[in-house]
Amino acid sequence: MSILILNGSNSQSLGERIAISLGLKFENVKARIFPDGETYVRIESQVKGRDVVIVQTMFPNQNDSLMEFLLIADAVKDMEAQKIIGVIPYLAYSRQDRKFQPGEALSIRTVAKLMKSVGVDKLITVDTHYQHVKPGEFDLFGLPCINLSAGRLLLEHINEKVSDDLMTIGPDLGSSQIIKYATGEEKIMRKIKKCPICGLPAEKCKCKIKKKKYEITEVESELDFNDRNVVILDDIIASGKTMTQAVNKVKSEGAKKVVATATHGLFMKDSLIKLKELTDYLVVTDAIYTPVSNVSIAPLIVEVLK
Ligand code: R5P
C-alpha cells in the first residue's frame, strides 16, 4: 500500500508539493487550538497498514507545532500505521544540544524521547543545528535521522537571480557545515569578542570579568571582497545580528553586490525588513514560510522518500 502524506498546519504547502511530486495521496490534518491553549487534531484518511509521512516544521510556535506533531504521530500509531516518518525541516530545540551550564535541560534529547515514545521511526530534517551534523544519517538519542542540506539549492537560485560570478562565505563558525557542503570550501568569517574594559580580544584579556560581558566588536576575514558579488550563507537567521555584521563587513570592504541567504529564516523582530534594506537580495527556503522563502526544499525531501 502506498505512502500517505499528512501535513501539519505549519507545512501544508510544502507537504502538498512533496506529495504531488511523488504522486502520493495527502491530507492537511485538521488541527486547531482550543480557547484554553490546548491542541486538537483529527485524521480522516485510512491509515491502517500504511507508511505515514508527517510533514510539520517547528517554527513558528515551536511548542504548539511539536505538540501537534506528537498528537498526529500518536493518533496514526493508534490507527495502526506501519511506519511513521517525520519530516521536520526546522527541528526546534536543536541549539540546546548540550548542557552549557549545570542544571540545564538537554532540550533536544527531550524532543527525541517524546518522538520515540509516540512511535516515530525516523526523522528527516534540513540543516539542523544539532551538533553541526554533516548531511547524511545521524542518531538523535536513539532516533534514526537524516540531515539534508539546502545550501546548493540556494546557491543555484542566486546564480540565476543575481549573478553567476559569486564568492560564497559563511558569517561565522556555526555556518561551517552548510558552507563546506554547498561549496566544498570552508570560507568563513570569525567573530572577535573584546573586553569592554581593556579592549583586548577575550583570549588575551586579564580583566576576569564575566564572559557574557564580552561583546562581539569585530568580524574578521582574510578574504578580498573588493568588487566581488558576495553571498553570505548561513543555516539560520534568527535575530539577524550575525548576518547583519557579516553584510556590513563585506560592504565596508568594497563588495559589489551582497546577497544574504540561509536555510531557515526565523527573522525575529524587524530583522527581515532591515536585512532586505541592507542587501541586494535576501532569500531563504520554505523550511519555514516567510515572505522571502523563494527556494523550496521539496526536491531534497522527495529524493529521500522516492
Ligand atoms: C550560529 O552558530 C548559527 O549558524 C547562526 O549564525 C545563528 O544562529 C544566527 O543567529 P542570529 O541571527 O540571532 O545572529
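Below, all heavy atoms of this structure are taken into account, side chains as well, without hydrogens, waters or symmetry copies. Residue indices begin at 1 and follow the sequence shown. Because the structure is a prediction, the values reported are computed rather than measured. Both ligands and their constituent atoms are indexed starting at 1 by order of listing.
By the criterion of a heavy-atom distance under 4.0 Å, the side chain of Arg95, and not its backbone, is placed next to ligand 1. Using a 4.0 Å cut-off between heavy atoms, Leu173 makes no contact with ligand 1 at all. Neither the backbone nor the side chain of Met268 has a heavy atom within less than 4.0 Å of ligand 1.
Ligand 1 has an N or O atom lying under 3.5 Å from an N or O atom of Ala238, backbone or side chain. Ligand 1 has an N or O atom lying under 3.5 Å from an N or O atom of Thr242, backbone or side chain.
Scanning all heavy atoms of the two residues, the minimum distance from Val292 to Leu282 falls at CB-O, 3.6 Å. When all heavy atoms of Ile179 and Lys187 are compared, the closest pair comes out as CG2-N, 3.8 Å.
Note on Asp121 versus Lys83: no salt bridge recorded, every NZ/NE/NH1/NH2 to OD/OE distance being 4.0 Å or above. A salt bridge links Lys249 and Glu253; the closest N-O separation between the charged side-chain nitrogens and carboxylate oxygens is under 4.0 Å. Salt-bridge check for Lys180 with Glu186: passed, with a basic side-chain N closer than 4.0 Å to an acidic carboxylate O. Salt bridge Glu44/Lys30: present, at least one basic N to carboxylate O contact under 4.0 Å.
For atom 7 (C) of ligand 1, the nearest non-hydrogen atom of the protein is Ile236 O, 4.0 Å. Protein heavy atom in closest approach to atom 6 (O) of ligand 1: Asp234 OD2, 2.5 Å. Of all protein heavy atoms, the one lying nearest to atom 1 (C) of ligand 1 is His129 CE1, 3.6 Å. The protein non-hydrogen atom at the shortest distance from atom 4 (O) of ligand 1 is Asp235 OD1, 2.6 Å. For atom 11 (P) of ligand 1, the closest non-hydrogen atom on the protein side is Ser239 OG, 3.4 Å.
Residue Ile237 has at least one heavy-atom neighbour below 4.0 Å for each of these atoms of ligand 1: 12 (O). Listed by atom number, the atoms of ligand 1 under 4.0 Å from Gly174 heavy atoms are 2 (O), 4 (O).
The aromatic ring centroids of Tyr281 and His157 lie less than 6.0 Å from each other. The aromatic ring centroids of Phe138 and Tyr130 lie less than 6.0 Å from each other.
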| query | Taking it one step at a time, do Ser163 and Asn229 satisfy side-chain hydrogen bond (donor to acceptor under 3.5 Å, both in side chains)? | reply | CA-CA 8 Å; Ser163 160; Asn229 296 320; 3.3 Å; yes
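Using a non-hydrogen distance threshold of 4.0 Å, Gly240 registers as a contact of ligand 1.
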